[in-house]
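Please read the structure below before turning to the comments.
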Amino acid sequence: MANTVGVVVTTKIVAGLIEGTQLAGGLREFPESIDDTNGLIEVPAESLCDIICDAVVALAPKDARLEAVGVAMPGYIHQGITLDSPNLPQLKGVPVCANIGAGLQRRGIDTRLSVFNDADAVAAGIAAIRGQMDRQVRVWTIGNGIGFGRFPWTEGPWEGGHMVVTLDPKENYCGCGGRGHLEGIMGHRAMRLRFLDMEPDEVFSAAKKGDRRCADFVELWHRALAAATASQIHLEGAGRFYYTGRDIQRLELPRLKEHLWEMIKMSPLQNYTVEILPEDPSLAVIGAGIAARIENKC
Ligand SMILES: [Zn+2]
């Protein structure tokens with residue numbers, strides 16, 4: 001059976017060995033003792049690449065060939081280089097493929113390496129687990145940043161989190177510096193900037209208790225996600241959309257559907273489906289490992 005290792009870099013590094021389409025031996029975090037409060041934001045790019053290589057060494061089977069390694073990380077990755085990554089800015093311009101490839105060789109591992117966007121890896125994981133490898137899968141990941149992923153992999157930046165969803169010039173909270181962006185409304189850092197006196201979880205619970213300012217924001221949050229999804233549908237057509245990620249419990253599907261209904265009126269575009277998937281870090285790990293088998297992205 002084909003063995004691959006999937007490694008996912010978000011606010012921490014999670015990895016696993018994949019046999020076929022299954023995780024063998026569960027997920028592991030690297031390094032084991034990371035300071036949770038700051039995540040990886042203060043870890044230099046070189047050390048990040050080293051941690052990724054150490055994770056692969058720890059997981060690679062000792063008595064079988066490792067077919068491929070798939071690494072997924074946030075940002076716009078093109079030809080093995082992280083062109084930009086607003087949520088892990090130290091990765092900007094880093095030739096991650098070359099660095100990780102060299103690090104693996106130094107550790108005696110000679111295998112095929114691919115590096116993907118983390119949301120694309122989630123889409124590949126969903127396709128694999130749902131038996132939808134022959135279909136188009138699109139996914140929004142709602143966490144620290146807002147990711148947009150698709151399977152099968154397609155050339156392009158696909159920076160869905162930076163879609164413009166409002167023309168209000170005051171909407172300038174996106175980490176990339178752009179105005180009116182989806183992540184500038186839904187992203188964790190953006191919400192902290194908007195509500196200087198409240199954490200995002202407090203905003204959502206205050207909205208439920210009737211706080212007007214928070215309720216208005218939660219409405220904006222849902223409309224923004226619907227707007228980005230509607231724009232995607234108007235560009236690429238209807239189909240299957242999934243929503244997942246660390247903060248997915250904030251999403252109310254009936255509200256999203258209601259806004260989508262208001263935003264998409266052309267009948268050939270109305271046969272879309274939307275589904276929430278509970279946060280599951282193994283989706284991206286499995287997806288990174290499986291996509292690395294199909295694609296050669298380095
Ligand atoms: Zn942005």
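Every number for a ligand or one of its atoms is a count from 1 in the order of the listing.
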Hey, can you pull the donor-acceptor pairs under 3.5 Å for the side chains in residues 258-273, sequence neighbours left out?
from	atom 1	to	atom 2	distance (Å)
H259	NE2	E219	OE2	3.4
K265	NZ	W261	O	3.0
Q270	NE2	I264	O	3.0

> Near the Zn ion (ligand 1), which protein N/O/S atoms are found at less than 2.8 Å?
Replying inline: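 Near the Zn ion (ligand 1), the protein supplies H162 ND1, C174 SG, C176 SG, H181 ND1.
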> Side chains of S282 and D280: is there a donor and an acceptor less than 3.5 Å apart?
Replying inline: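 A pair is found: one side chain offers a donor N or O, the other an acceptor, under 3.5 Å apart.
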>> Just by distance, no angles: are the side chains of Q232 and R138 close enough, under 3.5 Å, to form a donor-acceptor pair?
In response: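 The answer is yes; a qualifying pair exists.
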> With F148, which residues qualify under ring-ring contact (aromatic ring centres under 6.0 Å, His included), at least two apart?
Replying inline: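 Applying ring-ring contact (aromatic ring centres under 6.0 Å, His included) to F148 gives W140.
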> According to the disulfide (SG to SG under 2.5 Å) rule, which pairs have a member within residues 64-139, sequence neighbours left out?
Replying inline: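 Every pair satisfying disulfide (SG to SG under 2.5 Å) with a residue in residues 64-139: C97-C298.
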>> Counting the benzene-type ring for Trp, do F204 and W221 have ring centres under 6.0 Å apart?
In response: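 Under 6.0 Å, so yes.
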